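A single structure is presented below for examination.
We use all heavy atoms of the structure for the numbers below, so side chains are in, but hydrogens, waters and symmetry mates are not. Note that the structure is a prediction, hence the values are computed from the model and not measured.
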Amino acid sequence: MLPSFGAKSVLLVDDEPLFTESLADALKAKYRYINVHEARDGLEALDCIREYKVNGIVTDVRMPRMGGLELIRRLQSIGRYIPCVMLTAHGTVDIATQSRQQGVVAYLEKPVDLPTLVDIAGWMLDQPEADHISGVTLNGFLQLLAMERSSCTVRVVGPKGHAQLGFSAGHLHFARCGPLVGDEAVLTTAAWEDYSIYLESMPSAEDANVESPVIELLLEAVRRGDEAKKARGSSIPTRSSIPPSSRRRGEWTAPVDVPEHVAPAERKERPGRGDRSETNMSNVDEVLDKAMDIGGAFAVALVDYESGMSLGTRCTSSAFNIEVAASGNTQVVRSKMSVMDNLGIQGAIEDILISLDTQYHLIRPLSGLGNLFLYLAIDRKKGNLGLARHQLNGLEKELSL
């Protein structure tokens, strides 16, 4: 049975009108309801993508004004991922390698066997469409996939390139980022600051090349990111720029790195960096266990709002995904600190309260502990908000990292 693409469309990009017309006719003859758009070069293709929803691209490498590889790079620069088949009449190993690194699904040399190309284009359009994931950090999302034991493929696109990460039952087994593969590909991708995330339900069919557990890689990526920022310096106000007598919660605008000129004692305040042995996990576990003893508490997490990673969680409700909640609330903390900075408010954030019909959600940024916050969810019928805030304040003082 032939696929029927009710709402799928393909964009053919080539400066040879006879070729695109022949391919368009062949596609329409074999697949019902397919929409075919045509462009003569990459610039026309970009205009078409702005105007129409495009599910797949078949493009030549060399064209006037803008070729196929540059077209893909332009899409990546704005965080767009569209599956692509690359064609060329001037095939070289370098072009084939670049195409693979840019995430194309197939690479064919001209003259192309038309029936074969039609089959490949049909297969490309028949794949489940990648979902664009927003509102969560890459590190937090990868951690969630590992915790949920998911099998899928994650594509990360942005100005720095294209990366593909394959999960199988929660194990990150394959990674490619440009010319890099394996652990180094994960470390490079996880350090990106500007990106878009796309999730494909099908796991990667590539051979395994990642050796280290995903959590270890994410922690190492954060450490490397810290070192890179320190090396190039930062113009963003840091905790070191705040007078010691007034250095309280909420007085800096965003998660930043402590520069090298800050005294060593102050640099040690940053938790969760480098080797995990630097973090007193037994103390974290003890504090989280005590938080679950607060009246009505059914979920708690200790979260780094810079990376979106949880240092520890507890949850007794099967209907509540604490990993999603913890990662998502990093955006709440960041937004509030940004608003305070824009308004010139110099106060401290004691806590952030979110009141639902049946629940209270408390977010408490931790004074003197870098970018961490405690997140507590309480059943309104079983708990007391005032007492919970008091007890959470006490637990903050017990936390030692």
Side-chain angles (χ1 to χ4, degrees), residues 3 55-56 76 79 81-85 97 99-107 120 123-158 160-192 195-224 276 301 307-313 315 318 320-328:
N55 303 104
Q76 290 176 355
Y81 169 69
I82 303 175
C84 178
V85 175
T97 300
S99 298
R100 183 175 178 81
Q101 292 174 357
Q102 297 298 330
V104 304
V105 299
Y107 171 82
I120 292 174
W123 171 85
M124 174 177 64
L125 295 176
D126 197 34
Q127 301 306 301
E129 187 173 354
D131 293 322
H132 183 218
I133 306 299
S134 60
V136 64
T137 64
L138 176 60
N139 285 4
F141 186 61
L142 297 182
Q143 185 183 24
L144 174 62
L145 293 177
M147 295 292 293
E148 293 292 315
R149 301 187 61 80
S150 300
S151 296
C152 58
T153 298
V154 178
R155 292 187 184 269
V156 188
V157 298
K160 293 189 177 182
H162 174 280
Q164 183 180 356
L165 308 173
F167 279 83
S168 177
H171 173 63
L172 178 58
H173 70 94
F174 169 80
R176 172 178 284 112
C177 176
L180 302 175
V181 296
D183 288 15
E184 282 302 317
V186 180
L187 292 170
T188 299
T189 306
W192 289 355
Y195 52 79
S196 293
I197 305 171
Y198 291 85
L199 178 65
E200 299 175 351
S201 57
M202 296 294 292
S204 172
E206 301 278 1
D207 293 334
N209 57 26
V210 177
E211 298 180 357
S212 304
V214 63
I215 302 301
E216 289 185 8
L217 292 170
L218 295 180
L219 289 171
E220 173 63 14
V222 172
R223 185 191 68 79
R224 290 189 181 186
R276 286 181 295 172
S307 67
M309 294 179 60
S310 299
L311 275 68
T313 62
C315 186
S318 60
F320 189 83
N321 193 321
I322 182 60
E323 296 295 337
V324 171
S327 179

Task: CD-OG1 distance between Gln164 and Thr189, expressed to the nearest 0.5 angstrom - done: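 Interatomic distance, Gln164 CD to Thr189 OG1, rounded to 0.5 Å: 10.5 Å.
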TODO: For residues Leu125 and Gly56, report the shortest heavy-atom separation together with the two atoms involved.
DONE: CD2-N, 3.9 Å
TODO: Report yes if some heavy atom in the side chain of Val154 is under 4.5 Å from a heavy atom in the side chain of Phe141; otherwise report no.
DONE: yes
Open item on the list: On a heavy-atom basis, which atom in Ala185 and which in Leu180 lie closest, and how many Å separate them?
Closed with: CB-O, 3.6 Å
- [ ] Quick one: pull up CD in Gln101 and NE2 in His162 and give me the separation to the nearest 0.5 Å.
- [x] 11.5 Å
Open item on the list: Counting C-beta onward and ignoring hydrogens, is there a side-chain heavy-atom pair between Glu200 and Pro128 closer than 4.5 Å?
Closed with: no
Open item on the list: Just verifying a value: how many Å separate Leu199 CG and Phe167 CZ, rounded to the nearest 0.5 Å?
Closed with: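 So the CG of Leu199 and the CZ of Phe167 are separated by 10.0 Å.
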TODO: Please check if atom CD in Glu211 has more than 12 non-hydrogen atoms from other residues, nucleotides or ligands closer than 6.0 Å.
DONE: no
Task: Considering all heavy atoms, the nearest Phe320-Ala325 contact - done: CZ-CB, 3.8 Å
TODO: Measure the spacing between CG of Asp126 and CG of Asn55 and express it to the nearest 0.5 Å.
DONE: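 Asp126 atom CG to Asn55 atom CG measures 11.5 Å (nearest 0.5 Å).
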Open item on the list: Side chains of Val214 and Gln143, heavy atoms from C-beta outward: is any pair under 4.5 Å?
Closed with: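 No - every pair of side-chain heavy atoms lies 4.5 Å or more apart.
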- [ ] Any chance you could measure Leu138, atom CG, to Ser327, atom OG, to the nearest 0.5 Å?
- [x]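 Rounded to the nearest 0.5 Å, the CG-OG separation comes out at 10.0 Å.
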Open item on the list: Which heavy atom of Val105 sits nearest to which heavy atom of Pro83, and what is that distance?
Closed with: CG1-CB, 4.1 Å
- [ ] Run the salt-bridge test on Glu184 and Arg224 with the 4.0 Å N-O cut-off and return the result as yes or no.
- [x] yes
Task: Where Leu187 and Glu220 come nearest, the two heavy atoms and their spacing - done: CD2-CG, 3.5 Å
TODO: Report yes if the side chains of Ser196 and Tyr81 come closer than 4.5 Å at any heavy-atom pair, otherwise no.
DONE: no
Task: Reported CG-to-CG distance for the pair Leu217 and Leu142, which is rounded to 0.5 angstrom - done: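 Going from the CG atom of Leu217 to the CG atom of Leu142 covers 10.0 Å.
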Open item on the list: Using every non-hydrogen atom in the two residues, find where Cys177 and Thr188 come nearest and quote the distance to one decimal.
Closed with: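 So the two residues come closest at SG-CG2, 4.1 Å.
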TODO: May I ask you to test the Thr153-Phe174 pair for a side-chain heavy-atom distance under 4.5 Å?
DONE: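 Result no, sub-4.5 Å side-chain heavy-atom pair not found.
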Open item on the list: In the structure I gave you, are the side-chain heavy atoms of Thr137 and Tyr195 within less than 4.5 Å of one another anywhere?
Closed with: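 Heavy-atom side-chain distance check passes, below 4.5 Å.
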- [ ] Side-chain contact test, heavy atoms from C-beta onward, threshold under 4.5 Å: evaluate it for Leu165 versus Leu145 and give yes or no.
- [x]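 No - every pair of side-chain heavy atoms lies 4.5 Å or more apart.
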Task: Heavy-atom side-chain proximity of Tyr107 to Arg100 below 4.5 angstrom - done: no
